Amino acid sequence: MTFPAIPHVTADASLALFLDVDGTLLEIAPTPNAVVVPDSLKELLASLSVRLDGALALVSGRSIVTLDKLFAPLRLAAAGIHGSERREASGCVVRPRVDLVRFAAARDALAAWTSRHPGTLLEDKGSALALHYRLAPNLEDEAHREAQLALERLGGTHELQRGKSVVELRPAGHSKGSAISAFLRDAPFLGRFPIFIGDDVTDEAGFAIVNKLGGMSIRVGASAATAAAHRLDGVDDVIAWLQDFNSR
Ligand SMILES: O=P(O)(O)OC[C@H]1O[C@H](O[C@H]2O[C@H](CO)[C@@H](O)[C@H](O)[C@H]2O)[C@H](O)[C@@H](O)[C@@H]1O
């Protein structure tokens, strides 16, 4: 399938930029903690955020706490855990409530499973759990079965989210689309033309909302079917596009 070229846009007060993180701004690494955030990327995001009056948000599967650590000293507008938590313009972070007893039971069951399966890894995000198997791809089916069992322990509060060599249990009823909509209801995003760039299945809800609002949706990577209207090949192309956007 061919995609139309991305129209030229100028980084000004009419635009809002929403950016996925892993696979979009950062190259995929063997484990979540192994990602590299170049200073040049932080400088580029800081510059773009100023030019857009703060209307630049990270919209990630990572928690906001982790995003702040990765991108320090920046503290950008952000939605974390696939849209289930969001830093509002006031600086307050809105987080979903979780049943801590059930959550601990699900986490402990998955942690016990990872301890028996070398190459797998459990990421505890406080209200979500990510079961990674990038270093043990043969365990994909088994990991999905374990995640399904853990989901049942949570009693309907969470949903399964597939990702790149990962299966996640994330709070139900939220998405990257709902987070982008929420940002666009408040300053500095209110009334702006939204652009969203993402690379994964979790980003499709964001593309759908941005398309509905008449904005611009861009999927990174060549293979998957997508609702996005435009395509970039990889992280290097995203960075080059952002640099060009910042220079106009
Ligand atoms: O929505 P995103 O910002 O793209 O976050 C999606 C998940 O990204 C992270 O996992 C992925 O990236 C890791 C580092 O490159 C990689 O090792 C892993 O295999 C990928 O699935 C992150 O750890 C998750 O919490 C995010 O949900």
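What you are looking at is a predicted structure, and each value in this text was computed from that prediction instead of being measured. One-based numbering, in listed order, for ligands and for the atoms of each. These numbers come from the heavy atoms of this one structure, side chains and all, not from hydrogens, waters or symmetry mates.
Under the 4.0 angstrom criterion for non-hydrogen atoms, G163 is not in contact with ligand 1. For D200, the closest heavy-atom approach to ligand 1 does not fall below 4.0 Å. For Q161, the heavy-atom gap to ligand 1 stays at 4.0 angstrom or more.
Nearest protein heavy-atom contact of atom 3 (O) of ligand 1 is S60 OG, 2.6 Å. Counting only heavy atoms of the protein, atom 24 (C) of ligand 1 lies nearest to E123 OE1, 3.4 Å. The closest protein non-hydrogen atom to atom 15 (O) of ligand 1 is A29 N, 2.7 Å. Among all non-hydrogen protein atoms, the one lying nearest atom 10 (O) of ligand 1 is H132 CE1, 3.5 Å. Of all protein heavy atoms, the one lying nearest to atom 8 (O) of ligand 1 is D22 OD2, 3.1 Å. Closest to atom 2 (P) of ligand 1 among all protein heavy atoms lies D20 OD1, 2.8 Å.
Looking at ligand 1, you'll find an N or O of G61 within less than 3.5 Å of one of its N or O atoms.
For D53 and R192, the salt-bridge test passes: some basic side-chain N is under 4.0 Å from an acidic carboxylate O. Salt-bridge annotation for D199 and K164: present, with a side-chain N of the basic residue lying under 4.0 Å from a carboxylate O of the acidic one. Salt bridge status for D141 with R145: absent, with no side-chain N to carboxylate O gap under 4.0 Å.
Taking a cut-off of under 4.0 Å to the non-hydrogen atoms of K176, the atoms of ligand 1 that pass are 1 (O), 2 (P). Within ligand 1, counting atoms from 1 as listed, the ones closer than 4.0 Å to a heavy atom of T31 are 14 (C), 17 (O). When each atom of ligand 1 is checked for a heavy atom of P30 under 4.0 Å away, the hits are 17 (O). Applying the 4.0 Å criterion to heavy atoms of H82 picks out, from ligand 1, the atoms 27 (O). Ligand-side atoms of ligand 1 in range of V35: 14 (C), 15 (O), range being under 4.0 angstrom from any heavy atom. For ligand 1, the atoms closer than 4.0 angstrom to any heavy atom of V166 are 21 (O). Short contacts between ligand 1 and V21, defined as distances under 4.0 Å to a heavy atom of the residue, involve ligand atoms 3 (O).
Rounding to the nearest 0.5 Å gives a distance of 8.0 Å between CG of L41 and CG of L242. One distance of note links NE2 of H82 with OG of S175; it measures 11.0 Å at 0.5 Å rounding. Going from atom CG of L160 over to atom CZ of R170 covers 9.5 Å, rounded to the nearest 0.5 Å.
Using a 30° and 60° split on the angle between ring planes, F196 and F207 fall in the tilted class, from 30° to 60°.
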>> Could you walk me through whether H144 and R162 satisfy the side chain to side chain contact (heavy atoms under 4.5 Å, CB included) test, starting with their C-alpha distance in whole Å, then the side-chain angles of each, then the deciding distance to 0.1 Å, before giving a yes or no?
In response: CA-CA 9 Å; H144 281 258; R162 281 179 175 271; 3.2 Å; yes
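Across R170, R134, K164, E168, heavy-atom proximity to atom 7 (C) of ligand 1 is greatest for E168.
Put simply, the side chain of H158 reaches to within 4.5 Å of the side chain of V98, judged on heavy atoms. A heavy-atom distance below 4.5 Å is found between the side chains of R51 and N246.
The cluster map of Ile, Leu, Val, Met, Phe, Trp and Tyr, joined by side-chain heavy atoms under 4.5 Å apart, puts W113 and F103 in the same cluster.
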